[in-house]
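What you see below is based on every heavy atom in this structure, not just the backbone, and it leaves out hydrogens, waters and symmetry mates. Both counts, for ligands and for their atoms, begin at 1 and track the order of listing.
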Amino acid sequence: MPVTLIPRPQELTEGDGEGLTLTPRTRISATPGAEDSLAWLRRELGAATGFPFAPGTENDARIRLSVDPHAGLHPEGYRLIVDDAGALVVGHDPAGVFYGAQTLRQLLPADAYRQAPLGDTAWVLPALTITDAPRFRWRGAMLDIARHFQPKREILRFIDLLALHKLNVLHLHLSDDQGWRVEIRRYPELTRKGAWRTESQVGFSSPLVFDGRPHGGFLTQDDIREIVAHASARHITVVPEIDVPGHSQAAIHAYPELGEVGKIPVGTRWGIFDEVLGVTDNVLEFYKNVFDEIIELFPSTYVHVGGDECTKTQWKNSASAQKRIEEEGLADENELQSWFIRQLDAHLTARGRRLVGWDEILEGGLASGATVMSWRGEEGGIAAARAGHDVIMAPTATSYLDYKQSEDPDEPIPVGTLLRTKDVYTSETVPEKMTEKEAAHVLGAQVNVWTEHIDTPRRLDYMVFPRLTAFAEKVWSSGPRDYAEFEPRLREHLHRLDAIGVEYRPLDGPLPWHTRPGVQGWSR
Ligand code: ACM
């Protein structure tokens with residue numbers, strides 16, 4: 001039986017015997033550190049097969065999971081051996097065991113991704129040996145739940161789908177002009193007022209069209225704790241983003257003293273606006289308190305402070321902003337933004353965390369501890385790496401999953417530049433212009449799922465898959481990537497997504513019910 005694995009493992013050798021047939025008597029064992037993978041395998045394979053997969057011992061278990069940092073494996077790496085005696089997963093660390101368990105599931109028929117047995121599936125793991133490890137340590141996806149709120153159940157499911165693809169970072173974009181999406185105990189108005197807007201812009205047309213329908217939602221702190229724990233059990237770090245000092249209209253609506261011009265509504269249009277945060281001591285104090293609650297909720301070392309698309313018009317006309325520039329001896333409003341980000345960098349660093357920001361944080365000088373997320377092309381990443389900072393590559397042209405997937409006129413609400421599955425797959429993560437030393441600062445890459453035009457979970461599936469599958473192989477697998485070799489494997493992989501019920505975009509284009517007739521997009 002040919003095995004189709006995504007992401008492609010480093011080494012795969014087919015074995016001789018019959019392999020292992022799973023039965024109701026198959027037991028699974030785990031050494032310390034592998035318990036979460038045991039629990040995950042029992043739950044997932046148990047649901048699909050109807051078998052109990054009772055916990056076993058090293059002696060009676062046919063599937064054995066173990067952690068061994070001295071097995072000659074790389075971080076997050078694993079070895080999976082299937083022979084007539086059973087299946088053995090050895091991970092360099094607990095994450096490695098988990099990825100081995102994910103691969104083990106992929107060795108089974110696609111029905112292994114269903115929630116109940118169909119009754120006639122042969123559950124055979126073929127004899128083979130796989131040795132594997134990821135190329136990059138930051139393999140991420142950003143989900144914007146600010147523009148259109150995505151409910152908790154969808155975020156949990158999204159995490160499962162990231163894990164299936166061996167991705168390990170979920171970056172949650174939690175605040176923007178159009179909504180504040182995380183409960184902050186100290187400032188309840190952020191969600192009481194800031195999580196709701198009166199209506200939403202639909203597509204991009206002139207004049208603008210609005211749906212006339214209120215939209216909103218937010219995650220409670222218990223929801224966040226649940227999401228973080230669910231992700232952690234799947235070796236995924238949830239990186240929170242509170243976007244400052246631009247993209248803050250929802251916060252300013254809730255607490256008008258944060259802004260420069262008094263009360264404003266939660267945004268209903270998409271774009272970049274003049275309403276930004278003030279730079280007073282009170283505003284800084286407010287956000288330090290917000291970030292203190294954020295770091296209490298999210299154990300992630302990296303904390304994202306946004307920093308993108310902050311227009312400077314209001315600061316140019318603001319007495320308090322101009323006073324700050326003068327007092328701090330700053331050259332201009334760009335340096336004022338840097339000053340603001342530096343205050344947060346110092347605050348986060350003092351608490352053992354590291355600041356991440358969009359590449360605009362380079363303008364006016366980079367904060368000392370900052371990691372840069374390069375989105376306006378590769379230049380920000382290159383400049384930051386050159387200055388000795390770590391970077392995460394997420395350039396629009398290869399990483400923005402809100403961008404259109406074809407030039408088909410039926411492509412729903414097409415925005416941005418063309419970004420096909422093939423383009424995601426074949427693009428290279430490390431900029432060609434980087435030296436080896438600079439390239440060592442590339443922690444990895446992520447795709448960004450902005451949701452201005454993704455108003456439902458069904459549409460989220462359509463935009464994310466199968467491009468995320470292509471991305472996963474790009475950041476996990478080493479060696480050359482040939483789309484002609486990948487595509488047949490992708491077609492096989494889609495059976496897994498079908499079994500889960502993922503409503504991905506068909507490779508041949510949108511089906512009639514995917515289209516959004518009459519809703520215009522915008523193009524680059
Ligand atoms: C961004 O796309 N504004 C980071």
**Prompt:** Who's the nearest protein heavy-atom neighbour of atom 3 (N) of ligand 1, and how far?
**Reply:** Asp308 OD2, 2.7 Å
**Asked** In a check of side chain to side chain contact (heavy atoms under 4.5 Å, CB included) between Leu174 and each of Ile242, Leu143, Asp144, Asp243, which one passes?
**Response** Ile242
**Asked** Tell me: protein heavy atom nearest atom 2 (O) of ligand 1, and distance?
**Response** Tyr400 OH, 2.6 Å
**Message:** Using a 4.0 Å cutoff against the non-hydrogen atoms of Glu309, which atoms of ligand 1 qualify?
**Reply:** 3 (N)
**Request:** Anything under 30° is parallel, anything over 60° is perpendicular, the rest tilted; go ahead and classify Tyr99 against Trp476.
**Result:** perpendicular
**Ion pair Asp292/Arg351, N-O distance below 4.0 Å** = yes
**Asked** Between the side chains of Asp160 and His230, is a donor N or O closer than 3.5 angstrom to an acceptor N or O?
**Response** yes
**Message:** Within ligand 1, which atoms have a heavy atom of Trp450 less than 4.0 Å away?
**Reply:** 1 (C), 2 (O), 4 (C)
